[in-house]
Visitor: 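One structure is given below, represented as structure tokens, and several questions about it will come after.
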Amino acid sequence: MQIDTTPIPGLLVLTPRRFGDARGFFSESWNRQTLAGQGIDLDFVQDNHSLSARAGTIRGLHYQAPPHAQDKLVRCGRGALFDVAVDIRRGSPTYGQWFGQELSAENGRQMLIPRGFLHGFVTREPDTEICYKCTDYYAPDCDGAVRWDSCGIDWDLTSDPVLSDKDAAAIPLAGFDSPFSWEGAA
Ligand SMILES: Cc1cn([C@H]2C[C@H](O)[C@@H](COP(=O)(O)OP(=O)(O)O[C@H]3O[C@H](C)C(=O)[C@H](O)[C@H]3O)O2)c(=O)[nH]c1=O
């Protein structure tokens, strides 16, 4: 597994090795033992999968607050998307900074997003599917959202995004009272 750092501490891009042959390829998209040997030991308990029919669909920016904060390992199963994480760990030297990465079925890249980040993505193709593992279960009472257009993210949109009502009504990052701190405490 190739592990690349990003300008934001803790936020990583993982690229599994692909074993190609005449049929196509095989890759291990996650192996806990292998990654623990590379210093990444996460216990995923839930696997999520969503399909977005239209290119230009934005889902996010979401977080799940403590005590049910989630680390996420995100990949694109079909199509292509631009995956974004925003650091909202109070006291972090990169608080409010964002990083984005093109994830596609073709490039096989994954984003490893620690708890303490907002997560969102915009689809680049129709019928794009995202699959991501989480280290805690869905907890609706801890679910939160920040406006997609309030963090200075360059989404590279060519038209208005497709949004859920929840995302369209989300609060801006300015004035947001983050439940996360740099030391990882709630
Ligand atoms: C997240 C989640 C949702 N749901 C149900 C609740 C709703 O009835 C329905 C759609 O939920 P939502 O509109 O929040 O889905 P997304 O807009 O794709 O939200 C996700 O997208 C961003 C990018 C994320 O990183 C989060 O995992 C998550 O917030 O699925 C569940 O049953 N379990 C879950 O874990």
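Both counts, for ligands and for their atoms, begin at 1 and track the order of listing.
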Visitor: Within 4.0 Å of atom 8 (O) of ligand 1 (strictly less), any protein heavy atom?
Guide: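 Answer no: nothing from the protein, no heavy atom, is under 4.0 Å.
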
Visitor: Are more than 12 heavy atoms from other residues, nucleotides or ligands located less than 6.0 Å from atom CZ of Arg17?
Guide: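 Check fails, neighbour count at 12 or below.
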
Visitor: Report yes or no: is the cationic atom of Arg18 (NZ for Lys, CZ for Arg) under 6.0 Å from the centre of the six-membered ring of Phe25, at an angle within 45° of the ring normal?
Guide: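 Relative to the ring axis of Phe25, which defines the angle, Arg18 lies inside both limits.
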
Visitor: Is it true that atom CG of Asp21 has more than 12 heavy atoms of other residues, nucleotides or ligands lying nearer than 6.0 Å?
Guide: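 Counting neighbours around CG of Asp21, more than 12 heavy atoms of other residues, nucleotides or ligands fall under 6.0 Å, so yes.
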
Visitor: Can you tell me which residue and heavy atom of the protein come closest to atom 14 (O) of ligand 1, and the distance to 0.1 Å?
Guide: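 Here the nearest protein heavy atom works out to Lys166 NZ, 2.9 Å.
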
Visitor: Applying a 4.0 Å heavy-atom criterion (strictly less than), which segment of Gln46 is in contact with ligand 1: side chain, backbone, both, or neither?
Guide: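 Only the side chain of Gln46 comes within reach of ligand 1.
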
Visitor: Is the closest heavy-atom distance from Lys72 to ligand 1 below 4.0 Å?
Guide: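 Heavy atoms of Lys72 do come under 4.0 Å of ligand 1.
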
Visitor: Below 4.0 angstrom, N of the basic side chain to O of the carboxylate: do Arg109 and Glu102 qualify?
Guide: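 A salt bridge is absent here (no side-chain N lies under 4.0 Å from a carboxylate O).
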
Visitor: Determine, for Arg59 against Asp167, whether the closest basic-nitrogen to carboxylate-oxygen distance falls under 4.0 angstrom.
Guide: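 No salt bridge links Arg59 with Asp167.
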
Visitor: Taking Asp127 first and then Arg54, would you say they form a salt bridge - that is, a charged N and a carboxylate O separated by under 4.0 Å?
Guide: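 No, Asp127 and Arg54 are not salt-bridged.
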
Visitor: Is Asp143 paired with Lys166 through a side-chain N to carboxylate O contact shorter than 4.0 Å?
Guide: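 Answer for the salt bridge query: yes.
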
Visitor: Just to confirm, does any protein heavy atom lie below 4.0 Å from atom 20 (C) of ligand 1?
Guide: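 When distances to the protein are checked, atom 20 (C) of ligand 1 has a heavy atom within 4.0 Å.
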
Visitor: Under 4.0 Å from atom 2 (C) of ligand 1, is there at least one protein heavy atom?
Guide: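 Yes, because at least one protein heavy atom sits under 4.0 Å from atom 2 (C) of ligand 1.
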
Visitor: Kindly say whether the aromatic ring centers of Phe117 and Phe99 come within a distance under 6.0 Å.
Guide: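 Ring centres of Phe99 and Phe117 not closer than 6.0 Å.
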
Visitor: For atom 6 (C) of ligand 1, which protein heavy atom lies nearest, and how many Å away is it?
Guide: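 Checking every protein heavy atom, the shortest distance to atom 6 (C) of ligand 1 gives Tyr138 OH, 3.5 Å.
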
Visitor: Considering only heavy atoms, which of His62, His49, Gln64 lies nearest to atom 22 (C) of ligand 1?
Guide: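 The nearest heavy atom belongs to His62.
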
Visitor: Nearest protein heavy-atom contact for atom 16 (P) of ligand 1: which residue, which atom, what distance?
Guide: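 Closest protein heavy atom to atom 16 (P) of ligand 1: Arg59 NH1, 3.7 Å.
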
Visitor: What protein heavy atom sits nearest atom 23 (C) of ligand 1, and how far off is it?
Guide: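 Looking only at protein heavy atoms, the one closest to atom 23 (C) of ligand 1 is His119 ND1, 3.5 Å.
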
Visitor: Can you tell me which residue and heavy atom of the protein come closest to atom 27 (O) of ligand 1, and the distance to 0.1 Å?
Guide: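 I find the closest protein heavy atom is Tyr132 OH, 2.8 Å.
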
